[in-house]
Amino acid sequence: MNKKILIGFVLLITSCASIDSVQNQFYVGMSKNAACDLTLNKVLLTQNPCYAHINYLYKIPNSYYQYNKEMKTEVLGADGKYLVFKNVKYKVNYPEYPPKNGGTLILKTTNFNTAMSIARTGGSTSNQTVTERRLAEEKRNKLEAEKKQRENEALEKKYKRDDDGFQTQDQLDKDEKQLIEEREKLRKEQLEIIEAKRKKKEIETAKQEKNRVAEQNRKDKEEEQLRKDQKEIILTVQAFLYALGYSPGDEGEYDFRTQTAIKAYQSDTNMKPIDGEISEALLIKLQSSFSKKQNTLDFKNYSVVGTGSGYFVDKNGHVVTNEHVVNGCSVITTGKNNTAELLRADATNDIAIIKTSDTEKYKAMSFAGKDPALGQRIFVSGFPLNQILENLNFTSGTVSSEVGLMQNINQFQFTAPIQPGNSGGPILNEYGGVLGMSVATVSNKKFEEMLDTLVQNINFGIRQSSVQSLLNQEGIKYETGNPNWFRSEESVAEEAKAGTVLIKCWKLN
């Protein structure tokens with residue numbers, strides 16, 4: 001080994017304080033922040049107990065971290081030395097370092113079992129409790145003894161005689177004044193004891209109230225989750241009923257129309273009883289009926305006349321695409337030939353909304369808060385030339401114009417390459433928010449013949465605000481915002497892959 005490197009390594013080792021030398025500076029009552037400040041720059045990282053909470057990621061040997069939620073205690077261990085803190089606010093999660101969750105040191109030890117025992121009891125043991133009671137009893141006895149002693153001394157002074165056998169008036173006044181002062185002192189001590197008890201009672205009451213509020217919050221969360229689960233079940237039943245040709249009520253609402261649709265389905269399938277109630281048996285029957293319906297469509301009698309792309313806007317199967325992608329289709333399918341229904345078509349703006357039950361492997365996409373801006377970096381997702389490529393295509397470019405062909409303000413122009421089949425696919429910003437969808441690309445050959453010049457990357461998209469307007473008219477709820485605001489651009493591809501779907505247009509042979 002190079003001699004200079006070896007010397008430097010030795011100096012580095014010797015310049016770092018050991019965990020023993022630093023832990024000798026710890027004392028009971030020290031705050032968590034002070035302990036971590038003490039170890040942060042003085043102990044090797046692998047020995048730093050404040051760093052032990054991420055040992056499961058970095059595989060630091062001989063390190064330990066444990067948080068007791070009930071007792072609000074925390075155990076930090078490094079190199080066989082354990083620190084126990086109480087009044088800790090929360091469990092530390094990676095990558096918070098050093099931890100800022102508060103706490104006060106109540107024990108430092110090399111015995112793991114002792115540390116864990118103290119942590120489980122919240123920093124109190126039965127021996128400590130007995131000792132505290134004994135000390136409190138001794139203090140009360142001492143106060144009573146001092147009180148009696150002062151009373152006896154006052155009596156002795158009261159009957160002290162002068163030379164003639166009588167107590168002087170000055171002496172009487174002094175004795176009375178002293179007695180008053182002693183009584184006032186005793187009264188203050190009693191008031192201090194009463195005040196201490198009052199504060200202790202307030203703390204206990206506040207703690208009980210905090211526990212009560214926490215318990216109520218837990219119950220509220222459970223009830224909220226139960227409501228969400230119930231709504232999810234209702235949405236599932238409604239989706240099946242809708243796909244099977246029935247007409248349920250408002251999404252997620254167990255209203256009269258939904259109950260009527262269930263009763264109609266129960267009657268048509270000879271289910272007993274016909275009560276309109278949601279049950280496991282109903283869900284199983286709906287699944288079976290839907291599967292049979294999917295299998296009844298014989299695609300041998302149909303041919304694919306066109307393909308395009310679309311993207312999910314909610315978890316209920318609503319998909320946005322171009323109107324020209326689904327115009328004139330006998331059957332519309334998504335993904336691997338799952339049938340879909342055309343809900344709304346806007347030929348003027350070339351926007352269409354379809355609904356599919358093929359939602360299992362897809363994720364709803366979120367709209368960006370603003371329309372595209374000139375020069376903004378964008379990404380395009382879709383299924384171009386599907387008969388040849390058969391895979392999702394993901395390209396990038398920039399916004400080259402804020403208006404479309406013939407100054408169409410509902411469109412914009414971009415440079416990301418697209419091909420036939422990209423129509424209806426999402427256009428995303430660098431944070432994963434949907435800015436719009438692809439609609440057309442100019443025929444390079446046609447323009448080159450007209451202008452006698454080379455034409456490249458003249459592509460157009462429909463603004464997300466136009467898409468949102470049609471969704472609002474249909475009463476379809478959607479998410480807004482940038483889902484990958486704090487993540488890398490690579491994650492945009494993941495969002496695109498999860499939300500983009502292949503659309504096929506079929507016609508009878």
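A donor-acceptor contact shorter than 3.5 Å is absent between the side chain of Ser288 and the backbone of Ile284. Between the side chain of Asp250 and the backbone N or O of Glu253 there is no donor-acceptor pair closer than 3.5 Å. Between the side chain of Thr500 and the backbone N or O of Lys497 there is no donor-acceptor pair closer than 3.5 Å. Within the 3.5 Å criterion, the main-chain N or O of Lys86 finds no donor-acceptor partner in the side chain of Thr73. Judged by distance alone, the side chain of Tyr65 and the main-chain N or O of Val92 form a donor-acceptor pair under 3.5 Å.
Among Ile409, Asn410, Asp346, the one residue that satisfies the side chain to side chain contact (heavy atoms under 4.5 Å, CB included) test with Ser466 is Asn410. Between Thr395 and the options Val380, Thr415, Asn459, a side chain to side chain contact (heavy atoms under 4.5 Å, CB included) holds for only Val380.
Contact annotation: the side chain of Asp350 approaches that of Glu323 to within less than 4.5 Å [non-hydrogen atoms, C-beta and beyond]. Using a 4.5 Å heavy-atom threshold, the side chains of Ile503 and Ile354 count as touching. With a 4.5 Å cut-off on side-chain heavy atoms, Ile106 and Phe85 do not count as touching. Between Val434 and Tyr311 the shortest side-chain heavy-atom distance falls below 4.5 Å. A heavy-atom distance below 4.5 Å is not found between the side chains of Lys315 and Thr359. For the pair Lys504 and Tyr302, the minimum side-chain heavy-atom distance is 4.5 Å or more. Side-chain contact check for Glu251 versus His318: some heavy-atom pair is nearer than 4.5 Å. Side-chain contact between Arg120 and Gln66 is absent, with no heavy-atom pair separated by less than 4.5 Å.
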Residues Gln238, Arg257; criterion side-chain contact (heavy atoms from CB on, under 4.5 Å); working and verdict | CA-CA 10 Å; Gln238 290 175 328; Arg257 286 179 58 192; over 6 Å; no
Evaluate the criterion side-chain contact (heavy atoms from CB on, under 4.5 Å) for residue pair Gln473 and Leu470; output intermediate values, then yes/no.
-> CA-CA 5 Å; Gln473 292 177 29; Leu470 192 63; 4.0 Å; yes
Could you walk me through whether Thr333 and Asn338 pass side-chain contact (heavy atoms from CB on, under 4.5 Å), step by step?
-> CA-CA 5 Å; Thr333 63; Asn338 294 279; 5.7 Å; no
Between Gln225 and Asp229, does a side chain to side chain donor-acceptor pair (under 3.5 Å) hold up when you go through it step by step?
-> CA-CA 6 Å; Gln225 185 60 46; Asp229 293 342; 3.0 Å; yes
Might you work through the side-chain contact (heavy atoms from CB on, under 4.5 Å) test for Ile262 and Tyr254, ending with a clear yes or no?
-> CA-CA 10 Å; Ile262 293 173; Tyr254 185 56; 4.1 Å; yes
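Every pair passing disulfide bond (SG atoms under 2.5 Å apart) that includes a residue from residues 312-343 is listed here, sequence neighbours excluded: Cys329-Cys505. A salt bridge (charged side-chain N to carboxylate O under 4.0 Å, His left out) check over residues 463-483, counting only residues at least two apart or in different chains, returns the pairs Arg344-Glu474, Asp371-Arg463. Here salt bridge (charged side-chain N to carboxylate O under 4.0 Å, His left out) pairs that include residues 204-222, with residues two or more places apart or in two chains, are Glu209-Arg212, Glu215-Arg218, Arg218-Glu222. Here salt bridge (charged side-chain N to carboxylate O under 4.0 Å, His left out) pairs that include residues 376-387, with residues two or more places apart or in two chains, are Arg377-Glu489. Here ring-ring contact (aromatic ring centres under 6.0 Å, His included) pairs that include residues 344-367, with residues two or more places apart or in two chains, are Phe312-Tyr362, Phe367-Tyr478.
From Phe414, atom CZ reaches atom CZ of Phe379 across 13.5 Å, with rounding to the nearest 0.5 Å. The CG atom of Asn349 sits 11.0 Å away from the CG atom of Asn322 when rounded to the nearest 0.5 Å. Rounding to the nearest 0.5 Å gives a distance of 12.0 Å between OG of Ser31 and CG of Asn87. Annotation: the span from Lys201 atom NZ to Ile203 atom CD1 amounts to 12.0 Å, rounded to 0.5 Å. In this structure, Leu471 CG and Ile476 CD1 are separated by 5.5 Å, a value rounded to the nearest 0.5 Å. Atom NZ of Lys285 sits about 14.0 Å away from atom CZ of Phe240, to the nearest 0.5 Å.
The two atoms that bring Leu435 and Pro372 nearest to each other are O-CD, 3.8 Å, heavy atoms only. Heavy atoms only, all atoms of each residue included: Val320 and Ile351 are closest at CG1-CG2, 4.2 Å. Taking every heavy atom of both residues into account, Phe412 and Ser401 meet most closely at CB-O, 3.4 Å. Among all heavy-atom pairs drawn from Glu341 and Tyr242, the shortest one is OE1-CE2, 3.0 Å. Counting all heavy atoms, side chain and backbone alike, Val75 lies closest to Ala115 at CG2-O, 4.1 Å. Considering every non-hydrogen atom in both Asn482 and Gly433, the closest pair reads OD1-CA, 3.6 Å.
For the ring-ring contact (aromatic ring centres under 6.0 Å, His included) test, residues two or more places apart in sequence or in another chain that qualify with Tyr265 are Tyr246. Residues passing the side chain to side chain donor-acceptor pair (under 3.5 Å) test with Glu223: none are found, sequence neighbours excluded. Considering only residues two or more places apart in sequence or on other chains, Lys363 meets the side chain to side chain donor-acceptor pair (under 3.5 Å) condition with Glu495. Evaluation of the side chain to side chain donor-acceptor pair (under 3.5 Å) rule for Ser400 yields no partner, not counting sequence neighbours. Residues passing the side chain to side chain donor-acceptor pair (under 3.5 Å) test with Ser396: none are found, sequence neighbours excluded.
Around atom CG of Leu374, more than 12 heavy atoms belonging to other residues, nucleotides or ligands sit under 6.0 Å away.
A cation-pi arrangement is absent between Lys91 and Tyr67 under the rule of less than 6.0 angstrom and at most 45 degrees off the ring axis.
In the model, Asp255 has a side-chain atom that pairs as donor or acceptor with a side-chain atom of Thr258 under 3.5 Å. Under the 3.5 Å distance criterion, with hydrogens and angles disregarded, no donor-acceptor pair is assigned to the side chains of Asn484 and Glu494.
The pair Glu224-Arg227 meets the salt-bridge criterion, with a side-chain N (NZ, NE, NH1 or NH2) lying under 4.0 Å from an Asp/Glu carboxylate O.
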Tabulate below the donor-acceptor pairs under 3.5 Å that side-chain atoms of residues 419-426 make, not counting sequence neighbours, or state none.
residue	atom	partner	partner atom	Å
Asn422	OD1	Gln419	N	2.9
Ser423	OG	His324	NE2	3.3

Between side-chain atoms of residues 273-281 and protein atoms elsewhere (two or more places apart, or another chain), which donor-acceptor pairs fall under 3.5 Å?
residue	atom	partner	partner atom	Å
Asp275	OD1	Gln266	NE2	3.2
Asp275	OD1	Glu277	N	3.0
Ser279	OG	Leu282	N	3.2

